[in-house]
K.L.:
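The structure is given below, and queries will be raised subsequently.
Letters go in sequence order (proteins before strands), and every chain restarts at 1. Just so we're clear, the structure is a prediction, and the values are computed from it rather than from any experiment.
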Amino acid sequence: MSDRSTPPRPNLAMRRATRALKTLGFWALVVFVVLFSVFPFYYAILTSLESGSALFEVNYLPTSLDVSNYVSVLTKGPFPLNFLNSVLVAVAVVAISLFLAVTAAFALSRVRFRGRGLLLLTILSVSMFPQIAVLAGLFEMVRAFDLYNSLGSLILSYMIFTLPFTVWVLTTFMRDMPAELEEAAIVDGATPFQIVWKVFLPLLWPAMVTTGLLAFIQAWNEFLFALTFVASNETRTVPVAIAMLSGSSGQEVPWGEIMAASVVVTAPLVVMVLVFQRKIVAGLTAGGVKG
Amino acid sequence: MARLTLEKLGKRYGRVQALSDIDLAIETGEFVVFVGPSGCGKSTLLRCIAGLEEISEGELAFDGERVNELTPAERGVAMVFQSYALYPHMTVYENMAFGLRLAKAGKGAVEERVREAARMLQLEPLLDRLPRQLSGGQRQRVAIGRAIVRDPRVFLFDEPLSNLDAALRVQTRIEIAGLHERMAETTMIYVTHDQVEAMTLADRIVVLRDGRVEQVGAPMELYHHPANTFVARFIGSPSMNLLAAEPTDAGVQVKGFAPTPLTAPPGARGLSLGVRPENLRLAEDGETPFYEGDASLVEKLGESQLVYFDMGAEAEPLVARLPGALPAKKGDRMRLATDPEALRLFDDAGQAVRAG
């Protein structure tokens, strides 16, 4: 920190020192952020590779490469089934919400009708309610549709938080599409569905990937609904299943297996984000400039 | 390949009347240009014909058959947009084939039509490119190609040149004129605010103002015999001089000018005398000048020059287009003459007073 009352003279050596200091500060911050966000996951990996009493010794570097936790999680019990359930639910949620959101976004951005703004606000306000507040009502709905203890109950209830933002993001994107593009397609003889499918959709990919991935993550991580609407081990999704993992006796918490399971469920998300990261950045910025 | 008839056609947006009482017949193969200042309704009229806007009143017919309720594709129109509106994710080939594929044309037919259009527009080497890899002029040609392949009954252009730079604009204008020659059977309607485009391209020009037709006619007819002062000013550049005139015993006379041989209808007041800048020339020795005054401004254009004469604080200056070789400069005393046949007379409502 330089004294503000006396402005520094243009001194080359001092400037170089300041620049070096700034670079150092920048990288120190980067290291801190990376440590802060990656360390918990790193520690989970570390723990998952240990067993027995080694679990309870604090160490920051890998000491053993014991995959027995992974073997037991993936072979014993219903965990593989739970994993499949999670994949099924998340994929279905993403597919259905993207389909509904794209069609809704077309109407909300391209068709003039009375109460359009009000409808948009209503959709947004749905995401205002905390999950716990709507839990009881949703439970009644799930029972009424006869979906209790089935994956359908989760797919239905997850729409509550995925649809508002997918609809909003895609509406914003579609509003920015030039009107002449749509009109050119109309003159070419395209129906509204063909306009969405063949003209807008290919241009919406970055937005679709971004919102789809966020919806996937939400559905993948959701805990409360999964705990409430599903009761049997075979229909559980991963977050609840991990919480329910138990050792040979009631007193023992199988930390190694829990950590192995956690690593297994995190891996797909990490891979997906890495694969789509360029599209995600494009998607996050493209809509933000206008509208 | 269609004859268009517009009968009492009107368009309302809520309370705003954008178009009213448009009566127009466009013959098969004709090239008609809608021209007018911005906000005159020319684009709205084009979009009504295209089927992109609903027609509020009146009837639009293609070959005598009412088409008000038909979609653009059912009407058989093709349109070239101002911003080209190419599909950004499709190649040039796919852009041109899109309409045909939607119409379920066979693969061979699509290929043949697209290749033919590409050959016509010199787009063959570009067929695999994406629109963003093309220059503005090339994009415009693709947009035209996309319209051609559908073999439309009516070909619509919505200010297609306004996004191009000046040199390319002239070139593309010539290309469009050539296109009209090759597709002699296809009716074409072209919207522009540029009267040069209108004059050079049109078989007939429709001048619009405030949602109404001011005059319809061949370019030279509009130039020589404007129906009113609006058309007189809009067609021709620089626009026609309009001078407040009064009937006198010697003929219609502008204050400060020599009397003209024109006669006004009895009781006429608030007349305007119109004379184009290019119809003013230097008076010969011994000739009685039509006007004598000091040049207030001289603009040299090369082959000609525009000389301005101050007409007082209220009125617009008189403009004369004189030969470029003339050594004229600001402040020069000049004697101008004109031929009586070049003079036009308008009444107080701005309507032309026809001689005889």
K.L.:
For B/Ala85 versus A/Ala184, what's the shortest heavy-atom pair and its separation?
P.N.:
O-CB, 3.8 Å
K.L.:
Is the number of heavy atoms from other residues, nucleotides or ligands within 6.0 Å of CZ (A/Phe113) greater than 12?
P.N.:
yes
K.L.:
Would you say the side chain of B/Leu52 lies within less than 4.5 Å of the side chain of A/Val187, judging by non-hydrogen atoms?
P.N.:
yes
K.L.:
Enter the distance from A/Lys198:NZ to B/Glu94:CD here, rounded to the nearest 0.5 Å.
P.N.:
11.5 Å
K.L.:
Is the count of non-hydrogen atoms from other residues, nucleotides or ligands lying under 6.0 Å from B/Glu65 atom CD greater than 12?
P.N.:
no
K.L.:
With a 4.5 angstrom heavy-atom cut-off, is it the side chain or the backbone of A/Glu183 that approaches chain B, or both, or neither?
P.N.:
both
K.L.:
Can you confirm whether more than 12 heavy atoms, excluding those of A/Phe223, are under 6.0 Å from its CZ atom?
P.N.:
yes
K.L.:
Answer with side chain, backbone, both or neither: which region of B/Glu74 has an atom nearer than 4.5 Å to a non-hydrogen atom of chain A?
P.N.:
neither
K.L.:
Tell me whether the count of non-hydrogen atoms from other residues, nucleotides or ligands lying under 6.0 Å of CZ in B/Arg182 goes above 12.
P.N.:
yes
K.L.:
For B/Ser83, is it the side chain, the backbone, both, or neither that has a heavy atom closer than 4.5 Å to a heavy atom of chain A?
P.N.:
both
K.L.:
Would the number of heavy atoms belonging to other residues, nucleotides or ligands and lying under 6.0 Å from CD of B/Glu69 be above 12?
P.N.:
yes
K.L.:
Where do A/Gly189 and B/Ala73 come nearest, in terms of heavy atoms and distance?
P.N.:
CA-CB, 3.4 Å
K.L.:
Rounded to the nearest 0.5 Å, how far does CE of B/Met96 lie from CG of A/Asp188?
P.N.:
12.0 Å
K.L.:
Check each atom of B/Arg47 against the heavy atoms of chain A and say whether the ones under 4.5 Å are side chain, backbone, both or neither.
P.N.:
side chain
K.L.:
Please look at B/Leu86 and chain A and tell me whether the side chain, the backbone, both or neither of the residue comes under 4.5 angstrom of a heavy atom of that chain.
P.N.:
backbone
K.L.:
Go through the atoms of A/Ala185 and report whether side chain, backbone, both or neither lie under 4.5 Å from a heavy atom of chain B.
P.N.:
both
K.L.:
How far apart are the closest heavy atoms of B/Phe98 and A/Ala190, and which atoms are they?
P.N.:
CE2-CB, 4.5 Å
K.L.:
If you take all heavy atoms of A/Pro202 and B/His89, which pair is closest and at what distance?
P.N.:
CB-CD2, 3.2 Å
K.L.:
For B/Gln82, look at atom CD and say whether over 12 heavy atoms of other residues, nucleotides or ligands are found less than 6.0 Å away.
P.N.:
yes
K.L.:
Give a yes or no on whether B/Tyr13 atom OH has more than 12 heavy-atom contacts from other residues, nucleotides or ligands under 6.0 Å away.
P.N.:
yes
K.L.:
Does B/Gln133 have more than 12 heavy atoms from other residues, nucleotides or ligands lying within 6.0 Å of its CD?
P.N.:
yes
